[in-house]
2 protein chains.
Amino acid sequence: MNRRRITSKELAKLAGVSSATVSRAFSPDSRIGNATRDRILAVAREHGYQPNAIARSLNNQRSRLVALVVNAIGNPCEAEEQQLLVHRLQARQLLPIILCCADHADRLQLMRLASTYQVDHVVVFSDMVSMQDAVDIFHTTKPIIVSFEPLENENVSSIRIDGSEAADEIIDKIVRDGKKRFAYLAGTNSSWIDKLRRKWFADALAKRSLAFEAQAFGDYSYDSGFKEAVMLLHRDKVDAIICGNDVMAIGARDAARRVLGRNTPDDIAIVGQDGIAMAAWDCNDLTTLCLDHTAFIDAIVELIERHDAEIEGPHSITLTCTARWGSTA
Amino acid sequence: MNRRRITSKELAKLAGVSSATVSRAFSPDSRIGNATRDRILAVAREHGYQPNAIARSLNNQRSRLVALVVNAIGNPCEAEEQQLLVHRLQARQLLPIILCCADHADRLQLMRLASTYQVDHVVVFSDMVSMQDAVDIFHTTKPIIVSFEPLENENVSSIRIDGSEAADEIIDKIVRDGKKRFAYLAGTNSSWIDKLRRKWFADALAKRSLAFEAQAFGDYSYDSGFKEAVMLLHRDKVDAIICGNDVMAIGARDAARRVLGRNTPDDIAIVGQDGIAMAAWDCNDLTTLCLDHTAFIDAIVELIERHDAEIEGPHSITLTCTARWGSTA
DNA sequence: ATCGCTTGTGTAATCGTGTACACAATGCAT
DNA sequence: ATGCATTGTGTACACGATTACACAAGCGAT
């Protein structure tokens with residue numbers, strides 16, 4: 001195994017040209033004779049030469065690296081979007097670096113590490129990172145932040161997500177079905193995204209002179225949804241549970257059915273949020289507040305393009321959620 | 001927003017030293033006076049200076065980047081492991097670059113792109129990439145390949161996974177339960193991993209003078225599991241389906257119950273593979289062939305360490321699967 | 001006082017590209 | 001034949017760090 005790669009200077013010697021000409025052979029729009037280019041590319045192929053992207057980045061001041069700050073990779077509520085985004089980035093020859101960390105101090109440290117790699121773009125999916133931290137750490141790269149309220153900061157672009165209308169539709173149906181006692185099963189209580197999602201539903205209830213009778217905190221996992229739902233149903237006697245994401249909703253549905261023998265939608269209404277693929281599976285068939293993943297990623301890619309084009313000013317794109325009707329509410 | 005970062009030379013001027021001394025202030029084991037170091041670090045913090053990792057990589061010949069070649073991000077059968085690995089890498093200050101591509105030609109192109117970034121390590125999770133392609137493209141970096149058979153190549157390290165014993169246990173139980181007609185529901189038919197997994201079960205059947213009566217090909221998705229299972233049950237009248245992964249098994253279970261009104265484990269046995277968290281949820285409770293994710297990732301990290309320590313020679317680590325018993329078989 | 005060792009710092013080369021600039025060769029219009 | 005624009009190539013420097021080497025200062029032992 002060759003431990004060392006061949007360099008442009010070495011290749012130049014082999015092809016009988018200067019290293020500058022080798023570089024030109026690999027730049028599409030540069031003044032170079034066709035014969036020379038072909039010869040260089042042939043020799044390059046023969047010796048397995050590829051320009052060193054690290055050296056190029058240093059020279060260019062463009063790394064073509066993109067930092068993606070996410071809460072988790074495994075969690076399906078983000079995974080589908082991550083997958084889409086990664087594909088779109090790669091189609092643009094951008095390489096994604098995943099930053100994903102359980103502990104908050106570690107997360108900031110990790111972001112600092114990534115920032116030393118001169119990433120061209122930063123996309124913050126994680127609601128555990130404050131806008132100010134993102135701006136401070138990546139102070140030369142305007143971060144793109146996924147948020148649920150408009151961000152008032154020149155140095156940030158944002159995707160704002162609004163689900164208030166869809167939440168209203170869902171509450172409307174559940175109330176018409178005769179449900180009276182609502183509970184909210186939140187994700188981590190440090191998540192401000194969850195607070196806003198809760199607000200959409202709370203506002204819809206208030207319009208009908210209702211309010212959440214109970215509240216519980218899970219951690220976006222199936223197990224926490226299961227466990228907290230048992231409490232809500234048993235102790236608080238609720239008949240409708242709005243969950244912070246789809247996975248907890250599935251856990252809650254299982255708990256209702258298994259532990260208390262209560263079925264959706266007759267005995268109890270259960271609502272998820274995210275609209276992940278699994279929610280539509282026959283065994284789940286969840287009613288859920290969902291976002292169009294494609295539109296979401298399109299918006300992120302558009303902001304990346306604006307940054308590349310160096311269009312100035314703050315940018316914010318708003319997306320609205322829709323209701324997906326299943327048999328759980 | 002400051003578009004430009006401060007450089008070590010500029011910081012040197014500010015602190016009244018040379019750029020070499022600035023560099024030393026950031027290298028733990030270098031000869032530098034304590035007072036000088038403290039002063040430099042203070043000035044650095046004040047001006048938000050961090051050494052440029054791209055420049056450092058160029059000099060060091062070490063990028064601290066790791067390429068992860070995966071089939072998909074969203075797919076839970078890989079996601080849990082990816083998550084674990086990303087955490088472990090980041091604890092070592094290594095940054096993961098995710099390479100994930102639907103189309104095969106694109107995938108190879110993407111791997112070539114990543115290789116120009118001088119990645120320190122390559123981990124190939126995807127069974128869509130041949131060993132030879134990985135070796136050719138990353139010819140200066142010995143790839144770590146997750147495989148299901150021993151790889152006979154000096155230039156490759158591998159994790160070999162063996163589930164033959166666990167498959168035998170599972171088949172034993174199903175046969176004792178009186179099931180007679182077995183089908184195998186494979187993932188993509190171009191996947192050689194799937195061929196080996198199938199072989200574990202086929203061998204176990206052969207030991208009992210049985211064989212697969214039918215075979216179908218899905219694509220590892222819920223929908224394909226659902227659709228193919230309908231065919232297998234209806235046309236081929238099988239009473240046991242071994243699936244290529246857990247997600248398809250869930251789809252198959254739903255199909256059996258919903259379309260043909262047949263329940264596990266009495267009417268039909270269904271077995272998954274992977275042992276993802278979701279398989280253990282109450283609504284699924286799958287019998288599945290599973291791998292210890294932690295041991296798996298430990299093995300990968302160990303191979304990375306060996307590469308870093310420049311221990312020569314081919315390395316292969318073998319892991320064995322275990323059966324997880326649920327109510328579907 | 002001299003030697004030798006240690007410590008701290010600066011100078012300069014290096015890593016592998018990209019590109020501004022210079023210059024020779026060519027073609028074309030005058 | 002002269003002038004000018006165009007084309008193709010080489011030279012040299014920049015990108016931002018690390019590090020081998022040199023050297024001065026300090027210190028203890030002889």
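Reckoned from all heavy atoms, side chains included, excluding hydrogens, waters and symmetry mates. Sequence lines set the chain letters: A, B, ... in the order given, protein chains first and strands last, and positions in each chain run from 1.
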Which nucleotide in the set dT11(D), dA22(C), dA12(C) lies at the smallest distance from any side-chain heavy atom of Ser18(A)?
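Given the options dT11(D), dA22(C), dA12(C), the side chain of Ser18(A) is closest to dT11(D).
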Minimum-distance nucleotide (side-chain atoms of Arg24(B) versus dG10(C), dG16(C), dT9(D))
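From the listed options, dG10(C) comes nearest.
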Is [X] near enough to [N] that one of its side-chain N or O atoms lies under 4.0 angstrom from OP1 or OP2?
X	N	value
Thr21(B)	dT9(C)	no
Ser8(A)	dT17(C)	yes
Ser30(B)	dT19(D)	no
Ser19(A)	dG18(C)	no
Tyr49(A)	dT17(C)	yes

To the nearest angstrom, how far is [X] atom [atom1] from [N] atom [atom2]?
X	N	atom1	atom2	answer
Asp29(A)	dT7(D)	CG	C1'	16 Å
Arg37(A)	dT7(D)	CZ	P	14 Å
Ile40(A)	dT9(D)	CD1	C1'	10 Å
Asn34(A)	dT9(D)	CG	C1'	15 Å
Arg31(B)	dC23(D)	CZ	C1'	11 Å
Tyr117(A)	dC15(D)	OH	C1'	17 Å
Asp38(B)	dG8(C)	CG	C1'	15 Å
Arg62(B)	dT19(D)	CZ	C1'	17 Å

Side-chain contact, heavy-atom cut-off 4.5 Å: [X] with [Y]?
X	Y	result
His121(B)	Leu303(B)	no
His104(A)	Asp133(A)	yes
Leu84(B)	Phe296(B)	no
Val69(B)	Met111(B)	yes

Sidechain-backbone polar pair: Arg39(B) side chain, Ala15(B) backbone, donor-acceptor under 3.5 Å:
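Confirmed, Arg39(B) side chain pairs with Ala15(B) backbone.
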Nucleic acid contacts of residues 50-61 of chain A, taken as heavy-atom distances under 4.0 Å to DNA chain D
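Leu58(A), Asn59(A), Gln61(A), in order of number.
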Identify whether any heavy atom of Ser23(B) sits under 4.0 Å from a base atom; if not, whether one sits that close to sugar-phosphate; answer base, sugar-phosphate or nothing.
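Base contact - Ser23(B) has a heavy atom under 4.0 Å of at least one base atom.
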NA contact type, Val22(B), heavy-atom cut-off 4.0 Å: base, sugar-phosphate, or nothing?
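It contacts nothing in the nucleic acid.
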Heavy atoms of other groups near Asp103(B) CG, more than 12 under 6.0 Å
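Result for CG/Asp103(B): enclosed.
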Upstream residue (5' side of DNA chain C) when Gly16(B) and Phe26(A) are each assigned their closest nucleotide
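The residue mapped nearer the 5' terminus is Gly16(B).
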Do Ser19(A) and Ser8(A) meet the criterion of a side-chain donor-acceptor pair at a distance under 3.5 Å?
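No.
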His307(B) and Asp120(B): side chain donor to acceptor below 3.5 Å
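His307(B) vs Asp120(B): no donor-acceptor pair found between side chains.
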